[in-house]
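For the numbers below, each heavy atom of this structure counts, side chains included, while hydrogens, waters and symmetry mates do not.
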Amino acid sequence: MSHHSSSKPPSSQRRKIMMGIVAGAAGAAMALPGLAMAQQFPTAKINTTKLAITDTEVTVGQLHSATGTMAISETGSIQAERLAIDQINSMGGILGRKIKIIQEDGASDWPTFAEKAKKLLENDHVAAVFGCWTSASRKAVLPVFEKDNGLLYYPTFYEGLEQSKNVFYTGQEATQQVLAGLNWVAKEKKAKTFFLIGSDYIWPRTSNKIARKHIENVLKGSVVGEEYYPLGNTQFGSLINKIKLKKPDVIFADVVGGSNVAFYKQLKAAGVTAKTQNLLTISVTEDEMLGIGGENVEGFYASMKYFQSLDNPNNKKFVAEFKAKFGANSVIGDVTQAAYLGPWLWKAAVEKAGSFDVDKVVAASPGLELKTAPEGYVKVHANHHLWSKTRIGEAQKDGQFKVIYESDLIEPNPFPKGYQ
């Protein structure tokens with residue numbers, strides 16, 4: 001699907017491009033395949049719903065928190081989407097049109113996300129939006145996308161229990177990330193008692209609800225504590241005292257954003273380290289590790305579908321390209337990689353549909369495969385989520401993760417029976 005594949009278009013497409021080149025030999029050589037492609041797909045035909053598309057350009061939106069407590073987590077998504085779009089543009093764009101980006105800042109504030117989504121869809125008429133991170137921001141924009149029939153590519157692992165015609169979820173839903181992670185820790189660490197800790201909003205609360213049901217009903221273990229703290233909270237002293245008192249086999253953590261820095265530093269300061277305590281997080285990626293410091297997380301485990309250290313040719317290429325663009329010290333976490341998939345999946349669907357019309361792009365999406373995904377391979381399910389693997393990473397002092405377990409491909413199941 002992406003530029004990593006053999007870079008030769010299929011022969012029929014090659015023939016069309018060649019014909020286009022011959023037909024337009026007078027034009028600038030570089031622009032020709034794009035021009036030929038654009039002539040083959042006239043704007044009136046591929047855009048029947050008044051989206052911001054010209055003969056040479058297609059406009060998309062980016063809607064993430066560039067400021068506020070979530071910026072630590074969302075900056076990587078902004079970068080990855082830009083990298084994908086730059087790469088697609090360097091290959092000639094989509095249907096002969098270069099992608100232009102309008103970026104808006106949700107500023108870690110849910111009403112702001114809704115307002116900016118409305119602007120992008122109703123004023124800017126963007127063909128697609130790559131955006132949101134927290135479930136709170138996604139829930140805030142969802143009614144806007146459904147009312148205006150917009151198209152959102154959402155990159156974060158999330159709680160599931162949602163499916164929308166207007167959203168593609170390129171991260172994992174809870175059963176893929178939570179259940180596989182808990183199964184691993186129960187088996188490998190003989191874990192029976194769990195302490196659940198999250199930030200106080202929908203994703204951690206729902207993920208922990210699913211975790212609790214799995215721990216109690218399937219693993220036959222017990223939850224010895226469950227606590228929530230506001231986004232941005234930095235005081236975890238009393239919580240850490242409770243953990244020391246309960247001595248759980250596993251701390252199961254879904255604290256998000258900047259709070260992670262305080263949480264892990266305070267754990268270490270209180271002597272709660274991997275030497276004596278298992279901790280499994282579903283919310284700390286390499287992006288958060290930059291702020292926390294690897295020495296404060298070392299030996300703890302994360303359940304994710306992607307780690308920067310994944311050893312496959314797709315990923316080696318992706319990591320090199322990302323660092324070339326954003327600096328040798330930049331890191332890539334799970335959500336960053338999932339954000340990178342968004343533009344490529346959109347491109348594949350538009351090309352399959354031969355149209356930018358949202359309904360046609362949506363209809364063309366189920367069954368699409370991305371064999372060039374840095375995580376290895378993904379496939380779009382009819383429920384708009386992706387088939388993917390779950391991996392367990394062990395946090396290293398240098399801020400990276402060592403992959404110590406990998407599942408088979410897991411079918412996405414956003415509405416798991418018995419977990420609601």
Side-chain angles (χ1 to χ4, degrees), residues 64-77 105-113 132-140 156-159 174 177-178 194-212 223-246 248 250-274 277-298 300-304 333-335 395 399:
H64 287 289
S65 298
T67 55
T69 189
M70 290 312 302
I72 180 178
S73 300
E74 297 193 55
T75 301
S77 300
D105 181 9
S108 306
D109 177 68
W110 324 139
T112 301
F113 267 93
C132 299
W133 201 100
T134 66
S135 287
S137 64
R138 189 192 70 257
K139 292 283 188 200
T156 317
F157 38 72
Y158 87 114
E159 67 280 355
Q177 189 187 21
V178 174
F194 296 77
F195 199 118
L196 315 181
I197 302 152
S199 295
D200 194 4
Y201 72 102
I202 180 170
W203 174 67
R205 282 189 175 271
T206 312
S207 298
N208 287 351
K209 188 173 154 188
I210 288 170
R212 178 186 278 273
V223 175
V224 296
E226 183 171 356
E227 305 252 332
Y228 296 93
Y229 294 84
L231 277 172
N233 178 69
T234 56
Q235 300 304 315
F236 292 98
S238 64
L239 166 69
I240 292 167
N241 288 337
K242 286 179 198 167
I243 291 169
K244 289 176 114 171
L245 202 65
K246 297 276 190 189
V250 180
I251 299 169
F252 183 77
D254 34 32
V255 173
V256 309
S259 293
N260 279 306
V261 179
F263 177 53
Y264 288 97
K265 283 185 173 171
Q266 287 165 27
L267 272 180
K268 184 165 189 203
V272 180
T273 68
Q277 176 66 61
N278 290 311
L279 181 146
L280 177 66
T281 174
I282 56 168
S283 58
V284 170
T285 75
E286 291 84 341
D287 294 277
E288 286 80 14
M289 290 257 271
L290 269 184
I292 299 165
E295 69 283 359
N296 296 309
V297 201
E298 195 181 357
F300 290 154
Y301 303 103
S303 175
M304 302 277 161
D334 180 282
V335 186

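Interatomic distance, I210 CD1 to R212 CZ, rounded to the nearest 0.5 Å: 13.5 Å. From I243, atom CD1 reaches atom OG of S238 across 9.5 Å, with rounding to the nearest 0.5 Å. Expressed to the nearest 0.5 Å, how far CD1 of I197 lies from CD1 of I251 amounts to 5.0 Å. A distance of 12.0 Å separates NZ of K244 from CG of L239, quoted to the nearest 0.5 Å. Atom OG1 of residue T273 and atom CG of residue N296 lie 11.0 Å apart, to the nearest 0.5 angstrom. Distance check, rounded to the nearest 0.5 Å: CZ of F300 to CE of M289 gives 11.0 Å.
The minimum heavy-atom distance between T69 and G232, with the atom names listed, is OG1-CA, 4.0 Å.
Side chain to side chain, N233 and S259 fail the donor-acceptor criterion of an N or O pair below 3.5 Å. Using a 3.5 Å distance cut-off with no hydrogens or angles, the side chains of Y229 and E227 do pair a donor with an acceptor.
Within 6.0 Å of the NZ atom in K139, the count of heavy atoms belonging to other residues, nucleotides or ligands exceeds 12.
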- [ ] Test S283 against E288 for side chain to side chain donor-acceptor pair (under 3.5 Å), laying out the working first.
- [x] CA-CA 9 Å; S283 58; E288 286 80 14; over 6 Å; no
- [ ] Decide side chain to side chain donor-acceptor pair (under 3.5 Å) for D105 and T67; before the verdict, give the C-alpha distance in whole Å, the side-chain angles of both, and the deciding distance to 0.1 Å.
- [x] CA-CA 7 Å; D105 181 9; T67 55; 2.7 Å; yes
Open item on the list: Under the criterion side chain to side chain contact (heavy atoms under 4.5 Å, CB included), I'd like the reasoning laid out for S303 against L280: C-alpha separation, chi angles, the key distance, then a yes or no.
Closed with: CA-CA 7 Å; S303 175; L280 177 66; 4.2 Å; yes
Task: Check against ring-ring contact (aromatic ring centres under 6.0 Å, His included), F236 and F263 - done: CA-CA 6 Å; F236 292 98; F263 177 53; 5.2 Å; yes
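Counting only distance, with no hydrogens or angles, the side chain of Q177 and the backbone of Y158 share no donor-acceptor pair below 3.5 Å. Counting only distance, with no hydrogens or angles, the side chain of E74 and the backbone of H64 share no donor-acceptor pair below 3.5 Å. A side-chain donor-acceptor contact under 3.5 Å links S65 to the backbone of S108. At distances below 3.5 Å, at least one donor-acceptor pair connects side-chain atoms of N260 with backbone N or O atoms of V255. Remark: side-chain polar atoms of N208 are not paired, donor with acceptor, to backbone N or O of A211 under 3.5 angstrom.
In this structure, R138 pairs ionically with E159, as a charged nitrogen and a carboxylate oxygen lie closer than 4.0 Å.
A perpendicular orientation is assigned to the rings of W133 and F157, their planes being inclined by more than 60° (bins at 30° and 60°).
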